[in-house]
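Here's the structure we're looking at; comments come further down.
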Amino acid sequence: INARDTRVPPAQAGGVVRRNEINVQIDSAMPEDAAAPIEFECDNLAVRLDVELPGDAAAISPVVDRVLALTRDVGCAQGKEFEIETALREALANAVRYGCAHNPSKTVQLSVACDEDLGMIIVVRDPGPGFDPAQVPTPIAAEQLFSDHGRGIFLISQMMDRVEFGHGGREIRMHKK
């Protein structure tokens with residue numbers, strides 16, 4: 001697992017955060033370089049953590065623990081650790097399962113930033129084929145209630161304040177204030 005924790009100066013831009021908002025932005029162009037850096041547009045970025053982890057489920061817990069430690073150390077999104085942990089675990093599990101097909105030679109990118117105004121911003125990107133989030137059935141529909149999978153995106157959208165998808169469904173951006 002490769003990780004870099006960076007204190008960064010304020011950047012230019014901003015945004016509105018709304019609880020349980022899902023913004024589906026699927027662009028058809030896939031970036032040439034799957035390992036392109038993840039960008040943040042924030043006014044008061046206090047800290048940033050960049051991690052590359054193998055497409056192996058065993059790599060998820062140590063990374064989540066590191067993010068939670070960062071949350072505590074910086075005081076970002078205080079009192080929201082459960083929501084952050086659950087959403088991050090679900091997003092990473094989906095990236096490992098669907099984006100990497102449990103292949104440890106493939107890499108999942110994770111970038112976490114804390115903005116003094118926007119709170120915690122988490123971006124997970126995988127090298128997979130992507131998906132259309134609008135085509136994922138809701139797990140609370142009658143025909144899905146007894147399904148043994150398919151609740152991750154729903155849980156993420158309920159736990160985080162704002163969720164966005166990009167890069168053809170290969171990237172998820174989550175915000176928690």
Side-chain angles (χ1 to χ4, degrees), residues 1-25 31 34-97 99-100 107-127 133 151-167 169-177:
I1 299 172
N2 298 321
R4 186 177 71 238
D5 186 348
T6 311
R7 305 275 173 185
V8 294
Q12 299 297 316
V16 176
V17 176
R18 283 178 241 141
R19 178 145 180 79
N20 299 332
E21 175 184 313
I22 298 179
N23 183 8
V24 178
Q25 297 176 343
I38 293 172
E39 300 296 328
F40 291 104
E41 294 182 2
C42 303
D43 287 330
N44 298 308
L45 199 59
V47 68
R48 176 178 177 146
L49 173 68
D50 293 295
V51 180
E52 290 185 354
L53 61 147
D56 181 358
I60 294 172
S61 284
V63 170
V64 171
D65 292 344
R66 176 117 188 242
V67 170
L68 292 175
L70 177 72
T71 303
R72 285 187 299 274
D73 292 347
V74 177
C76 191
Q78 285 185 334
K80 307 296 182 183
E81 292 85 1
F82 174 76
E83 292 91 338
I84 291 168
E85 177 180 7
T86 302
L88 180 56
R89 281 188 188 283
E90 289 293 334
L92 291 174
N94 283 345
V96 166
R97 180 177 181 181
C100 296
T107 303
V108 174
Q109 286 179 272
L110 168 67
S111 288
V112 178
C114 182
D115 180 88
E116 293 174 12
D117 298 322
L118 298 176
M120 182 72 70
I121 305 161
I122 303 168
V123 182
V124 175
R125 185 186 297 161
D126 67 60
R151 289 169 178 78
I153 299 295
F154 177 79
L155 283 172
I156 292 168
S157 70
Q158 296 301 303
M159 300 258 174
M160 302 303 279
D161 296 325
R162 189 169 91 197
V163 177
E164 304 168 327
F165 296 91
H167 292 284
R170 294 176 38 246
E171 178 181 284
I172 183 169
R173 286 180 177 261
M174 304 172 284
H175 299 254
K176 190 66 177 178
K177 192 162 185 180

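Atom set for the values below is all heavy atoms of this structure, side chains included, hydrogens, waters and symmetry mates excluded.
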With rounding to the nearest 0.5 Å, note down the distance linking [atom1] in [X] to [atom2] in [Y].
X	Y	atom1	atom2	answer
E90	R151	CD	CZ	10.5 Å
L68	S61	CG	OG	10.0 Å
I121	R48	CD1	CZ	10.0 Å
K176	E83	NZ	CD	4.5 Å
L88	E81	CG	CD	13.0 Å

Flag the pair R173 / R162 as yes when at least one side-chain heavy-atom distance between them is below 4.5 Å, and no otherwise.
no
What pairs with [X] under side chain to side chain contact (heavy atoms under 4.5 Å, CB included), at least two apart in sequence or on another chain?
X	result
A91	V124, I156, I172, M174
V112	L49, V67, L70, L110, M120, I122
T86	F82, M159

Nearest heavy-atom neighbours spanning [X] and [Y]:
X	Y	value
V74	C114	CG1-SG, 4.0 Å
P54	V96	O-CG2, 4.3 Å
R125	I38	NH2-CG1, 3.5 Å
S157	V163	CA-CG2, 4.0 Å
T71	C76	CG2-O, 2.9 Å

Could you tell me which residues satisfy salt bridge (charged side-chain N to carboxylate O under 4.0 Å, His left out) with E85, sequence neighbours excluded, listed by chain and number?
R89
